[in-house]
Amino acid sequence: MEYVGAPTAIRGPGLPPGYQLTGIEAVPIAEWAELLASTGEFGPFGESELRRQVLPTLIPGAAVFVRSGTELVACASVCALPDFHPRGVVMFVLVRPEHRGLRLG
(Lines give C-alpha, C1' and ligand atoms only; values in the text may rest on other atoms or scores of the structure.)
Protein backbone atom coordinates (compact mmCIF):
# COMPACT_ATOMS: atom_id res chain seq x y z
CA MET A 1 0.00 0.00 0.00
CA GLU A 2 1.14 3.52 -0.71
CA TYR A 3 0.74 6.29 1.84
CA VAL A 4 1.27 10.07 1.73
CA GLY A 5 3.06 12.15 4.33
CA ALA A 6 4.88 11.66 7.56
CA PRO A 7 3.34 10.87 10.93
CA THR A 8 1.67 13.85 12.58
CA ALA A 9 0.07 14.39 15.94
CA ILE A 10 -3.64 15.14 15.66
CA ARG A 11 -5.77 16.72 18.28
CA GLY A 12 -9.37 17.55 17.82
CA PRO A 13 -12.73 17.82 19.43
CA GLY A 14 -14.14 14.76 21.09
CA LEU A 15 -15.65 12.34 18.65
CA PRO A 16 -18.59 10.06 19.37
CA PRO A 17 -17.72 6.64 20.82
CA GLY A 18 -16.39 4.26 18.19
CA TYR A 19 -14.83 6.96 16.00
CA GLN A 20 -11.12 7.74 15.78
CA LEU A 21 -9.33 10.74 14.28
CA THR A 22 -6.27 9.85 12.21
CA GLY A 23 -3.68 11.55 10.05
CA ILE A 24 -2.71 11.06 6.45
CA GLU A 25 0.14 8.71 7.28
CA ALA A 26 -2.38 6.04 8.35
CA VAL A 27 -4.58 6.16 5.24
CA PRO A 28 -3.60 4.37 2.01
CA ILE A 29 -4.09 6.46 -1.13
CA ALA A 30 -6.47 3.85 -2.58
CA GLU A 31 -8.68 3.99 0.51
CA TRP A 32 -8.81 7.80 0.44
CA ALA A 33 -9.74 7.75 -3.26
CA GLU A 34 -12.48 5.18 -2.58
CA LEU A 35 -13.94 7.41 0.15
CA LEU A 36 -13.99 10.42 -2.20
CA ALA A 37 -15.70 8.31 -4.88
CA SER A 38 -18.16 6.65 -2.51
CA THR A 39 -20.98 9.20 -2.70
CA GLY A 40 -20.49 10.50 -6.23
CA GLU A 41 -20.35 14.07 -4.87
CA PHE A 42 -16.98 14.62 -6.55
CA GLY A 43 -18.00 12.79 -9.71
CA PRO A 44 -15.97 9.81 -10.88
CA PHE A 45 -12.99 9.81 -8.57
CA GLY A 46 -10.09 7.38 -8.36
CA GLU A 47 -6.44 7.30 -7.44
CA SER A 48 -5.46 9.19 -10.61
CA GLU A 49 -7.81 12.07 -9.75
CA LEU A 50 -6.50 12.13 -6.17
CA ARG A 51 -2.93 12.29 -7.46
CA ARG A 52 -3.79 14.99 -10.01
CA GLN A 53 -6.25 17.17 -8.08
CA VAL A 54 -5.41 16.82 -4.39
CA LEU A 55 -1.86 15.69 -3.73
CA PRO A 56 -0.01 18.42 -5.70
CA THR A 57 -1.69 21.20 -3.70
CA LEU A 58 -2.10 19.47 -0.33
CA ILE A 59 -0.40 21.38 2.47
CA PRO A 60 1.86 18.89 4.31
CA GLY A 61 0.12 17.48 7.36
CA ALA A 62 -3.15 19.23 6.48
CA ALA A 63 -5.44 16.27 5.92
CA VAL A 64 -7.53 14.58 8.58
CA PHE A 65 -9.61 11.44 8.51
CA VAL A 66 -12.17 9.76 10.73
CA ARG A 67 -12.57 6.01 11.07
CA SER A 68 -15.39 4.00 12.52
CA GLY A 69 -13.64 0.78 13.43
CA THR A 70 -11.59 0.00 10.34
CA GLU A 71 -13.88 1.88 7.91
CA LEU A 72 -12.78 5.30 6.66
CA VAL A 73 -15.90 7.46 7.03
CA ALA A 74 -14.81 11.10 6.72
CA CYS A 75 -12.03 13.31 5.42
CA ALA A 76 -11.00 16.92 4.92
CA SER A 77 -7.88 18.52 3.52
CA VAL A 78 -6.35 21.97 3.23
CA CYS A 79 -4.81 22.83 -0.10
CA ALA A 80 -2.59 25.69 -1.24
CA LEU A 81 -4.05 27.31 -4.36
CA PRO A 82 -2.34 30.25 -6.10
CA ASP A 83 -5.48 32.45 -6.06
CA PHE A 84 -5.67 32.17 -2.26
CA HIS A 85 -1.96 32.49 -1.38
CA PRO A 86 -0.83 32.78 1.40
CA ARG A 87 -3.94 31.12 2.81
CA GLY A 88 -5.04 27.51 2.42
CA VAL A 89 -8.44 26.37 1.24
CA VAL A 90 -10.42 23.61 2.99
CA MET A 91 -11.30 21.15 0.25
CA PHE A 92 -12.39 17.58 -0.38
CA VAL A 93 -14.55 17.41 2.73
CA LEU A 94 -16.73 14.33 2.84
CA VAL A 95 -18.65 12.29 5.40
CA ARG A 96 -20.31 9.07 4.31
CA PRO A 97 -24.11 9.62 4.40
CA GLU A 98 -24.74 7.02 7.09
CA HIS A 99 -22.33 8.88 9.42
CA ARG A 100 -23.62 12.42 8.84
CA GLY A 101 -25.21 14.39 11.63
CA LEU A 102 -22.90 12.89 14.27
CA ARG A 103 -20.63 15.95 14.68
CA LEU A 104 -17.64 14.29 13.06
CA GLY A 105 -16.24 17.46 11.54
Problem set entry | Cluster overlap L81 with I59, hydrophobic side-chain contacts below 4.5 Å | no

Exercise. Are I24 and V89 in one and the same hydrophobic cluster, where Ile, Leu, Val, Met, Phe, Trp and Tyr link if side-chain heavy atoms are under 4.5 Å apart?
Worked result: yes

Problem set entry | Heavy-atom side-chain contact between L104 and P16 under 4.5 Å | yes

Exercise. Say you draw a straight line from CD of Q20 to OG of S68; how long is it, rounded to the nearest 0.5 Å?
Worked result: 7.0 Å

For this session: If the plane angle is over 60° it's perpendicular, under 30° parallel, otherwise tilted; pick one for F92 and F42.
Result: tilted

What donor-acceptor contacts under 3.5 angstrom involve side-chain atoms of residues 33-40, with partners at least two apart or in another chain?
{"residue": "E34", "atom": "OE1", "partner": "R96", "partner atom": "NH2", "Å": "2.7"}
{"residue": "S38", "atom": "OG", "partner": "L35", "partner atom": "O", "Å": "2.7"}
{"residue": "S38", "atom": "OG", "partner": "R96", "partner atom": "NH1", "Å": "3.4"}
{"residue": "T39", "atom": "OG1", "partner": "E41", "partner atom": "N", "Å": "3.2"}
{"residue": "T39", "atom": "OG1", "partner": "E41", "partner atom": "OE2", "Å": "3.1"}

Exercise. Can any side-chain N or O of S77 pair as donor or acceptor with the backbone N or O of M91 at less than 3.5 Å?
Worked result: yes

For this session: Please check if atom CZ in R87 has more than 12 non-hydrogen atoms from other residues, nucleotides or ligands closer than 6.0 Å.
Result: no

Problem set entry | Closest heavy-atom pair and its distance - F45, L50 | CE2-N, 3.6 Å

Seminar exercise, completed: Here the pair of heavy atoms bringing P56 nearest to R51 is CD-O, 3.0 Å

Exercise. Do you know which two heavy atoms are closest between A26 and P28, and how far apart they sit?
Worked result: O-CD, 3.8 Å

Exercise. Taking all non-hydrogen atoms of both residues, which atom of V95 and which atom of R100 are closest, and how far apart?
Worked result: O-NE, 2.6 Å

Exercise. Can you hop from F84 to V54 via hydrophobic side chains spaced under 4.5 Å?
Worked result: yes

Exercise. Between L21 and L15, what is the shortest heavy-atom contact and its length?
Worked result: N-CD1, 3.5 Å

For this session: Report yes if the side chains of Y19 and L102 come closer than 4.5 Å at any heavy-atom pair, otherwise no.
Result: yes

Problem set entry | Check ion pair R67-E31 (N to O, under 4.0 angstrom) | yes

Problem set entry | Within-4.5 Å side-chain heavy-atom neighbours: V66 and L72 | no

For this session: Mark yes or no for whether E49, through its side chain, and G46, through its backbone, hold a donor-acceptor pair below 3.5 Å.
Result: yes

Exercise. How many angstroms lie between atom CD of E47 and atom CH2 of W32, to the nearest 0.5 angstrom?
Worked result: 12.0 Å

